[in-house]
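To keep things clear, I will list the structure first and then write my remarks on it.
Source: prediction; values computed, not measured.
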Amino acid sequence: MYRYLIAALYLLSFGWEAGAQSSWQKAADQLASHPALKHGSISLCVIDIASGKTVAQVDPGLSLKPASNLKVLTTGSALSLLGPGYRFSTALQYEGVLNKSGVLEGSLYLQGNGDPTLGSPLLEAATGPEETLRLFRLAVQRAGIRHVKGPIIGDASAFGSQAYCRTWQWEDMGNYYAAGAWSLNWHENLHELHFEQTAEGRQPRITGTTPSVPGLSFQNEVTSGSPRSGDNAYIFGAPYQMERYVRGSIPAGSGVFTIKGALPDPPLLFAQLLQQELAGVGILCSGASRQFSPPARERTTIYTHYSPTLASIVERTNMESVNLYCEAMVRAMGWEKAQEGSYAAGHKAIQAYWEERGLSWEGVFLDDGSGLSEGNAVSARFLAAFMRKMAIGPPAVFEPFEASLPVAGRSGSLKNTLKGTAAEGRLLAKTGTLERVRALTGYATTRSGQRLAFCIILNRYEGPGGTVRKAMEQFLLSLCEE
């Protein structure tokens, strides 16, 4: 009798599982037949985490542009390769002879190792710009340095001068979300640009930047739109280019309106700001500059500044989709594993790590770390399998990764998504958006507690992005309702 009961329960369970899979596949097929995808592409894959079985799919091996969904690969890999407790470091050093009078016959150096949070005004756990400058200035004073015959040099040699991904678009460069990643970064490599608002149709006046950037100028071609038109202004400029163009529109009004742009030369700016900080207490230097060549002589380190833990950096990365942090992580992985801070070295380290753990790299094409490049391409099967690998991996790595993902109805980019439904609190996902690209990658938990890893990527859809986003959300809701 007991054996018959066990068999019945097994058949019931099997029948429920088969029924759930059938309904999930039906929902996947329904999404794939959406009119907006008539001329577009979809890659979809849902994997049961416990068994590793695929429970729903549509062209799972088709490689498409993932947009910011690439951030899950970058952040998960960084946690795995570098460790949740990893901290970026920035060293204050001097070269030359420091005499008994406090005169340094040489130069000060700011040696960066990729910290994207140095002087960040946005990450709560980071030391802000004013405090960071104060700490570096105090270190100089405590070292007994009263005068520097040489300059302060921002040493960005670890990652080299190529701070930007080669396939980023011109229309993005110059704007804060396309800030390059140097080995010496400052203020999240962004500046604020302030306008004095005026009447509709008139040109608003530029009043300045925060922080102030010596030598930076703007050709203002911005106009004033209607009062509620929003921020439609874009900054155009290449790295190290100090003359920039601002085009588009901002809302008409009578206050101050602020947009954000990318700093043209963060290593130089940090050196300039420290020079000003030291001058404020009477410590003079001959100037400020930056270099990309490796150190030629031995230096003395007088202070080392550390970033918050990688776990806390990853949390903001995925919750707020911070491109800079991902670019820095990729290059840091290359630097730590091969002493080469390039994209190629970082991607090589990532691929080697995951292939060793059985993750196929077939159909994976990577250009950057954030997903901003149009040259990136991955399949839904790859990202769903990656998410499963993270989930069954070491808890010390998975827990901060899982905690970094937006939660449906509660946090991040999903705060207002599927609120009050079965998905609220049970759906975690990273969103991704580019021109004609929508993607969602994450985890779903069914009513019975079954955990699923999923990825959906849509490319070249027609119509409003909000329409296909809602269709994607309805499919994900079906995963949580079973």
Can a donor-acceptor pair be found, under 3.5 Å and without considering hydrogens, that links the side chain of N69 to the backbone of L440?
yes
W168 and Y164 aromatic ring geometry - parallel, tilted or perpendicular at 30°/60° bounds:
perpendicular
Could you walk me through whether S307 and L118 pass the side-chain contact (heavy atoms from CB on, under 4.5 Å) check?
CA-CA 7 Å; S307 74; L118 185 66; over 6 Å; no
Are R316 and E188 close enough for a salt bridge, meaning some N to O gap below 4.0 Å?
yes
Will you find, in the side chains of D368 and S373, an N or O donor that is under 3.5 Å from an N or O acceptor?
no
Sidechain-backbone polar pair: R381 side chain, L62 backbone, donor-acceptor under 3.5 Å:
no
Using a strict cut-off of less than 4.0 Å between a Lys/Arg side-chain nitrogen and an Asp/Glu carboxylate oxygen, indicate whether R247 and E221 qualify as a salt bridge.
yes
With no hydrogens and no angle check, do the side chains of T132 and T127 hold a donor and an acceptor under 3.5 Å apart?
no
Does S224 use its side chain to pair, donor to acceptor, with the backbone of R202 at less than 3.5 Å?
yes
Taking the six-membered ring where the residue is Trp, are the ring centres of W361 and F382 under 6.0 Å apart?
yes
Verify side-chain hydrogen bond (donor to acceptor under 3.5 Å, both in side chains) between S63 and S379, making sure each step is shown before the conclusion.
CA-CA 4 Å; S63 295; S379 68; 5.3 Å; no
Closest non-hydrogen contact found for S370 with N323 is CB-OD1, 3.5 Å
Under a plain distance cut-off of 3.5 Å, with no hydrogens placed, do T209 and H194 share a side-chain donor-acceptor pair?
no
Under a 3.5 Å threshold, yes or no: a donor from one side chain and an acceptor from the other, between T74 and K71?
no
Would you call the rings of W170 and F236 parallel, tilted or perpendicular if under 30° counts as parallel and over 60° as perpendicular?
tilted
What I want to find out is whether K65 reaches E374 closely enough, with some N-O distance under 4.0 Å, to be called a salt bridge.
yes
When you measure from the centre of the six-membered ring of Y461, is the NZ or CZ of R436 under 6.0 Å away and within 45° of the axis?
yes
